[in-house]
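All values reported here derive from a predicted model rather than from experimental measurement.
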Amino acid sequence: MKDAQHRSSLFLVELIISLTLFAICAAVCAALLVHARGMSRESTQLTEAVYMAQSIAETWRSAPAGSDVGVSVKSEEFSVRTAERDGRLNIDIYAGETLIYRLEGVTRLE
């Protein structure tokens, strides 16, 4: 009888340890999933910003020098700031107040 109680208590301890280990592994997996989702969101945001800057740069480069090129980009998520200095265009793409992408030194086609 004493031997049967000893076995059942060992089984209970083993079960508790297994469940604890499972809970720790599940918590780590959940944290990794949340982190991966954030990285995916940042990657998508960066890709969209690069496409937007590339579109602006190509439109500006293809226009003749001295012409006023009004590049309109509609986005609820991003704001665009451009500056032309010494014949070169700099493009900054912001999400809120955070700079997402900067393209510097775009020159016109000759």
Assigning hydrophobic clusters by single linkage (Ile, Leu, Val, Met, Phe, Trp, Tyr; side-chain heavy-atom cutoff under 4.5 Å), is F78 placed with L46?
yes

With clusters defined by side-chain heavy atoms of hydrophobic residues (ILVMFWY) lying less than 4.5 Å apart, directly or transitively, does L89 cluster with V50?
yes

Pairs touching [range] that satisfy side chain to side chain donor-acceptor pair (under 3.5 Å), sequence neighbours left out:
| range | value |
| --- | --- |
| residues 28-46 | Q45-E77 |
| residues 91-106 | D92-R102 |
| residues 13-29 | none |

Mind listing the closest non-hydrogen atom pair of [X] and [Y] along with its distance?
| X | Y | result |
| --- | --- | --- |
| A53 | I91 | O-CD1, 3.6 Å |
| V80 | I56 | CG1-CD1, 3.5 Å |
| G96 | S79 | O-OG, 4.3 Å |
| G105 | N90 | N-OD1, 2.9 Å |

Which residues, ordered by chain and number, are linked to [X] in its hydrophobic cluster, where ILVMFWY side chains connect at heavy-atom gaps below 4.5 Å, directly or through other members?
| X | value |
| --- | --- |
| I17 | V13 |
| I16 | L12 |
| L32 | V28 |
| V34 | none |

For the pair S55 (side chain) and M52 (backbone), establish whether a donor and an acceptor sit closer than 3.5 Å, ignoring hydrogens and angles.
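A pair under 3.5 Å: no.
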
Under the rule for side-chain contact (heavy atoms from CB on, under 4.5 Å), what residues qualify as partners of Q54, not counting sequence neighbours?
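Q54: side-chain contact (heavy atoms from CB on, under 4.5 Å) contacts with Y51, E58.
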
